[in-house]
Amino acid sequence: MINITLPDNSVKQFEEGVSGLEIAKSISEGLARNVLSVKVNGEVWDATRPIRKDADIKLLTWDDKEGKETMWHSSAHLMAEAVEKLYPGVKFGIGPSIDQGFYYDIDLGDRMISENDFPKIEKKMQELAREKQTFDRKEVSKKEALDYFDKKDDEYKLELISELEDGQITLYKTGDFIDLCRGPHLPNTGFVKAVKIMSVAGAYWRGDEKRKQLTRLYGITFPKQKMLTEYLQMIEEAKKRDHRKLGKELELFTFSQNVGQGLPLWLPKGAMLRERLEQFLKKVQKDAGYVPVICPHIGKVDLYKKSGHYAKYGEDSFRPIQTPEEGEEYFLKPMNCPHHCEIYKSKPHSYKDLPIRLAEFGTVYRYEQSGELHGLTRVRGFTQDDAHIFCTPDQLKDEFNGVIDIVMHIFKALDFHDWTAQVSLRDKNDKGKYIGSDENWDKSEKAILEVAEERGLKFKVELGEAAFYGPKMDFMVKDALGREWQLGTIQVDYNLPERFDMEYTGSDNLPHRPVMIHRAPFGSMERFVAVLIEHCEGKFPLWLTPEQAIILPISEKYQKYAEKVLTLLENYDIRALIDDRSEKTGKKIRDAELRKIPYMLIVGEKEEESNSISVRKQGEGDLGTFGVEEFADMINKEVEKQTAP
RNA sequence: GCCUAUGUAGCUCAGUUGGCCAGAGCAGCUGAUUUGUAAUCAGCCGGUCGGCGGUUCGAAUCCGUCCAUAGGCUCCA
């Protein structure tokens, strides 16, 4: 007999070799029907795998993250089995579970799969699921594994096996399909009740663009049909928040094929919104001791050779511009830092001057690959809310903290809660990717980690994600469809001060090297506005929205009164307009609701007589009658509250 | 850049065995209506069917190519 400890710390005795599934059955049949896998001493196992020693266990169901992973990973096998039956002779790469579902990378040879083929794959998967095939685990030697996949001529599995250690290789067999796999898996395929192939895409083998491109099939499965329906509905809802759709509908920005790919055109309403964001940050920065600078959009190629950017990105940039005379080449600036370095160098500095914080909303141009462009989140011309802080090594930590303060202030004013900080460090095994001394890297990486920990930030560390010149902390936020984007960024740089030979005179009267911090709390105005649109579904906070109120006269008779109200509101700095069309009030309300204007002010006979307005709030309905000044005060108080530090 | 799709009026979308002057709703314009909390009525205007080339007696429809867009891969100073 062995002792099994359940999550509630109760201990039960079972025969040696009992499985998670059998333990579940001993508790209740209902539970047994829902157990997908089992966590044994912290490791997720097949629910059918025998447990031979005392153990802490947790039975995993759909409600557990690991339960979902088991379901989806097994579904990847199920899909592979279906594909192998429908397309005999195909070879398989990897097939993991992901955040929402799973995928499998497949080498189809000369054949191809398109969306039209999804239904028959889904049908086959459902057929196989109904057979309740078991996932049979088998521990094999490396040689056995290699022999099997060699016979199958599957070079991808062979490559994976060759990197594994002998003695820890397992195969899983489902129906006729045998796969190299660590597991765990479902008790049987019957747990999969709803199946949907989501999309097909090309994916390079092992993420290397120099290697073969395989066909990646994305899918998702559920233990209930209803869950699939709900999931698909949720995606449809999320699409309504897509900034590309709302940007068009709300007339914020557009693109023109004649201007070029990835070059956004800000329409008046979008521009007003963006300007307000910029003014907001400018004020915050002024209070935090930043000073403005302005630089041109081009700079000599030599400037970027000096900074090191040319060697790294020169070939992948827009081609240089040439002067009419021979010999001089200029780049469209892909970043502002080299210019700001030259500003620092325009005069000698004392340690008493530092820190110096140079800020600029600088528009930059980068040649992004065409397949990467995406609405306003990934573009070829964009404006960074950039600043460079030049400080002494001793000041680095305080300055870093000061920048985080600004980022937090912005997130609060815009009601962003769902962000994570990502600390990107270098990959010490990939030295060629980075420039600068190990000593400086170590120093700056340590500083960032200390700050993150001291502030108690929710952060994760990513090795190998650092910029080529230094480590960084990025603030990540998800878009409507769950894709993560980098917004704010703070980057430490010991490299440019070196390359530009920047100095300050210390109290010891000797020259010293300053440290540089690149930082952009919004990141880029384009991307930030995109994420903001999705975040608030186009219903911007009152302080930001281009149109705060719309006056709706009941009929032309009240046009004069509407104009009077407008003038009053304008005196209170409220952004309002009048809908003077010859339409019924219901129509005007409907249109204003769709334009997501926060307040609708209805004026007719009643209001004119009592010198008032009827206020309707977008999305909420009638708020009752207000005096105009009373309403204006209410609006201005709300705005003040939203932007308070 | 690569894989797979898509591209018809300002917007959303009909239009497939290739066949008369390519349709609808919304938006816009004109007129009527003078309107009370999510769509008043009528008329009108508006399209090189993404561009170019080809097959065909005939192409929005079939083929090629380029451009743009979407989902992914790679990349992201």
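Labels below follow one simple rule: chain letters A, B, ... track the order of the sequence lines, proteins then strands, and each chain is numbered from 1. Worth knowing before you read on, the calculation uses all heavy atoms, side chains too, and leaves out hydrogens, waters and symmetry mates.
For the OP1/OP2 pair of B/U37 and a distance below 4.0 Å, the side-chain nitrogens and oxygens of A/Lys617 include no atom meeting the criterion. In this structure, A/Ser370 reaches the B/G1 phosphate: one of its side-chain N or O atoms is under 4.0 Å from OP1 or OP2. The side chain of A/Lys557 places an N or O atom within less than 4.0 Å of a non-bridging phosphate oxygen (OP1 or OP2) of B/U35. Remark: A/Arg244 is in phosphate contact with B/A70, judged by side-chain N or O atoms under 4.0 Å from OP1 or OP2. Side-chain N/O atoms of A/Lys587 include one lying less than 4.0 angstrom from OP1 or OP2 on B/A27. The phosphate of B/A77 has OP1 or OP2 within less than 4.0 Å of a side-chain N or O from A/Tyr313. Of the side-chain N and O atoms in A/Arg483, one or more sit less than 4.0 angstrom from OP1 or OP2 of B/G71. Residue A/Gln261 places at least one side-chain N or O closer than 4.0 Å to OP1 or OP2 of B/A68.
Residue A/Ser614 is in base contact, counting any heavy-atom pair closer than 4.0 Å across all strands shown. At the heavy-atom level, A/Ser114 lies under 4.0 Å from the strands shown only through sugar-phosphate atoms. As judged by a 4.0 angstrom heavy-atom cut-off over every strand, A/Gln257 is placed among residues touching the sugar-phosphate backbone only. Residue A/Tyr218 is classed as a sugar-phosphate contact, given heavy-atom separations below 4.0 Å to backbone atoms only. When heavy atoms are screened at a 4.0 angstrom cut-off, A/Met600 is found touching no nucleic acid atom at all. If you check every strand for non-hydrogen atoms under 4.0 Å, A/Ala201 touches a base. At a threshold of 4.0 angstrom between heavy atoms, the contacts of A/Ser582 include nucleobase atoms, whether or not backbone atoms are also involved. A/Gln486 comes within contact range of no nucleotide atom at all, as no heavy-atom separation falls under 4.0 Å. Within the 4.0 angstrom heavy-atom criterion, only backbone atoms of the sugar-phosphate kind lie near A/Gly207; the bases stay farther away. A/Tyr469 comes within 4.0 angstrom of the backbone, heavy atoms only, and of no base. As judged by a 4.0 angstrom heavy-atom cut-off over every strand, A/Glu607 is placed among the base-contacting residues. Using a 4.0 Å heavy-atom criterion, one finds that A/Lys606 contacts the bases of the nucleic acid, with or without backbone contacts as well. At the heavy-atom level, A/Gly586 lies under 4.0 Å from the strands shown only through sugar-phosphate atoms. At a threshold of 4.0 angstrom between heavy atoms, the contacts of A/His374 are confined to the sugar-phosphate backbone, with no base atom among them.
In this structure, B/U40 forms a base pair with B/A32, meeting either the Watson-Crick or the G-U wobble geometry with both donor-acceptor distances under 3.5 Å. Pairing for B/U69 goes to B/A5, judged as Watson-Crick or G-U wobble with the two contacts each under 3.5 Å.
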(request) Start with the C-alpha gap between A/Trp485 and A/Arg527, add the side-chain angles, then the distance that decides, and say whether side-chain contact (heavy atoms from CB on, under 4.5 Å) holds. (result) CA-CA 8 Å; A/Trp485 295 95; A/Arg527 181 176 292 177; 3.8 Å; yes
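Remark on RNA chain B: of its neighbouring residues A/Tyr365 and A/Asn116, the 5'-side contact belongs to A/Asn116, judged by nearest-heavy-atom nucleotide. Heavy-atom nearest nucleotides on RNA chain B were determined for A/Gly619 and for A/Ile113, and the one closer to the 5' end corresponds to A/Ile113.
The P atoms of B/U6 and B/A42 are separated by 37 Å, rounded to the nearest whole Å. Across the C1' atoms, B/C73 and B/U65 are found 24 Å apart, a figure rounded to whole Å.
A/Tyr103 carries A/Arg216 over the face of its six-membered ring, with the cationic atom under 6.0 Å from the centre and within 45° of the normal.
For A/Tyr469 and A/His518, the distance between ring centers is under 6.0 angstrom. Here A/Phe318 and A/Tyr367 bring their ring centres to under 6.0 angstrom of each other. Taking the ring centroids of A/His309 and A/Phe331, they lie at or beyond the 6.0 Å cut-off.
No donor-acceptor contact under 3.5 Å links the side chain of A/Glu115 to the base of B/U4. Within 3.5 Å, a donor on the side chain of A/Arg378 pairs with an acceptor on the base of B/C75, or the reverse.
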